[in-house]
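Chain letters run A, B, ... following the sequence lines, proteins first and then strands; every chain starts at 1.
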Amino acid sequence: MTAAEPLGTAEPLGAAADARAPLLEVRGLGKSYGSVRALSGVTASIGAGEVLCVLGDNGAGKSTLIKVLAGAHGHTEGTLLAHGVEQHFGSPRDALSLGIATVYQDLALVPLLPVWRNFFLGAEETVGRGPFRRLAVARMRVTTRDSLATLGITLRDVDQPIGTLSGGERQAVAIARAVHFGAKLVILDEPTSALGVTQAGLVLRYIARARDSGLGIVFITHNPHHAWAVGDRFLVLNRGTSLGEFARDGITVDELTRLMAGGEELDALGPVLGRPASAGDAR
Amino acid sequence: MTGLLRRPEVGAFVAAFGIFLYFSISTSAFLTPAGVATWLYSSSLFGIMAVAVALLMIGGEFDLSAGAMTGTTGLIVGIATTQWGLNVWLALVLALAAALLVGAFNAWLVTSTGLPSFIVTLATFFILQGLNLAVTKLLTGTVAIQGLGAVTGFDQARVLFGSSFPLFGMDVKISIVWWILLTALATWVLLRTRFGNWVFAVGGQAASARQVGVPVRRVKFGLFLTTAGAAWLVGMLQLFDVSTVQATTGIGQEFVYIICAVVGGCLLTGGFGSAIGASLGALIYGMALQGIVFAQWDSNWLKAFLGGMLLLAVLVNLWVRRQAGERS
């Protein structure tokens, strides 16, 4: 193994993954906004209990890819298959109905609201009928506590405002919420980028826990080390095109970093950025 | 800390108890049955509005037109019955419809333009204030409507809005019953229904609420209509208590309602507060209003007291938000 090679040419991904239809698969996926081609040539797949990391610098096309996978924007090139069936999403609802949920960076949480109220916001469980229809408070509290426990979070109190939780914990609440409401595949939009080292580590641990419980995860990040910590496969984007999908044993973290940073472009920058040897003599 | 965070009304409860003790000890009239009935009645009128305004504030909006609207509804019933000879019940419905229309207008303007409700309802406040005076003068030639007692059916409607009954030696006015019932209802709606959950979410972080499917616009409409309905109720309670109505009724009270809500723990930025807290805020105001009279102080002290309470409450609220917002 000399250099990172795109999947399918040098390292066909294990036959095990093909045994069952992947949760989500894209082939030659692309998206144009009018005449602007924001994304092209993306091929990747993601099965249950797997983590696909999508890496790329700013403007590499990560957010466009999220929007297509989440159903916010329909794709304009290639094919998208969910559970082996070709799909063309018209709205996030289409993606959600197939068990594909997206957790955005802002997490869609209300800081002052208790944890359990946030967990069920917009989909509250009720008992009773007519004017006596009321929130099933006790049941929702228990469900929230149990769902969080699956990710390894034990809260003292699900009644505390969610704003008092740490950034990592809030991320976990958002993931647990998606899973509870039927997600089989969760797309995480840069869940570690706004966090410090400790909190980011916590989020990576939650991702691993969610993966082990059988969830498929698309983990979008620009940090190759975070990706390496939990990823099974790595999709590298650069300037709107895919540089390939790599299996974990087909690439090293250094190669990933180099690839992401633009590889040759960075090498070419070396001499330019280096201190001129004769800087002092010029005077 | 988190215990206190969850109880917005704790501060108001402590303050209400303190004020109750103070006036009970320092004046002889405050704790007599007649005295208690007086400050409870006074509190009830502010309390009903403060509860509605608190719900709206938790939902992230203001309604400055609420005070003037209590006057408008009273005037509509007064003019419709004494000038046009309309049936009292019909006049009541007409006034309610007018109030709801103004509430819907406020809601529509706020939700469709995205303008701050402070400005929108400040405008409707002045429009109503002007209309109350100008239209009343135009139709009746005076700025007060009297003689409602002679209107047929007045006594029937009075049972609902202006009656009283004896209890523990007190002459308890019916508005106190309305106040307690509405506070209980508002508390139940806020804490135990989906709508209540949405009110907190819409005021706390509207964008997040929208993302998870909360009908933000509908919630705001519901809240503006609630304050309008409460303004109608208070208008009726005042009208049927004294059977006269001034064109200036309610002017200047919009801020008292907001102050009661804030003293009761509502955040000005929305997303936090309670109906019980707003009621306690109104109780504080009502007790101070009557207590100052009983103590035979210059009544001008009331405004200074109100300002002080507000300042204190806002500082407590600020601390609350810092605690919750620390990590967000």
Task: Region of A:Phe181 in contact with chain B, defined by heavy-atom distances below 4.5 Å - done: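 Neither the backbone nor the side chain of A:Phe181 comes within 4.5 Å of chain B.
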
TODO: Check whether A:Ala136 gets within reach of chain B through its side chain, its backbone, both or neither, counting any heavy atom under 4.5 Å.
DONE: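 Neither part; nothing is under 4.5 Å.
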
Open item on the list: So which residue, A:Ala108, A:Ala123, A:Pro92, ends up with the most heavy-atom pairs under 4.5 Å with chain B?
Closed with: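 Of A:Ala108, A:Ala123, A:Pro92, A:Ala108 has the most heavy-atom pairs under 4.5 Å with chain B.
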
Enclosure of [X] [atom1] (heavy-atom neighbours >12, cutoff 6.0 Å):
X        : atom1 : answer
B:Arg217 : CZ    : yes
B:Phe118 : CZ    : no
B:Phe17  : CZ    : no

TODO: Enter the distance from B:Trp188:CH2 to A:Leu135:CG here, rounded to the nearest 0.5 Å.
DONE: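 Rounded to the nearest 0.5 Å, the CH2-CG separation comes to 8.5 Å.
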
Open item on the list: Measuring from atom CZ of B:Arg192 to atom CZ of A:Arg134, what distance do you get when rounded to the nearest 0.5 angstrom?
Closed with: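 Atom-to-atom, B:Arg192:CZ and A:Arg134:CZ are 10.0 Å apart.
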
Open item on the list: Given B:Ser208, which partner from the list A:Leu113, A:Leu121, A:Val110 fulfils the side-chain contact (heavy atoms from CB on, under 4.5 Å) test?
Closed with: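 So, applying the side-chain contact (heavy atoms from CB on, under 4.5 Å) to B:Ser208 and each of A:Leu113, A:Leu121, A:Val110, only A:Val110 qualifies.
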
TODO: Examine whether an atom of B:Ala201 lies under 4.5 Å from a heavy atom of chain A, and if so say whether it belongs to the side chain, the backbone or both; otherwise answer neither.
DONE: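 Contact with chain A is through both the backbone and side chain of B:Ala201.
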
Open item on the list: If you compare all heavy atoms of B:Arg194 against all heavy atoms of A:Gly122, which two are closest, and at what distance to 0.1 Å?
Closed with: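 It is NH2-O, 3.4 Å.
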
TODO: Would you mind reporting whether A:Arg133 and B:Thr193 have side-chain heavy atoms less than 4.5 Å apart?
DONE: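 No. Closest side-chain heavy atoms not under 4.5 Å.
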
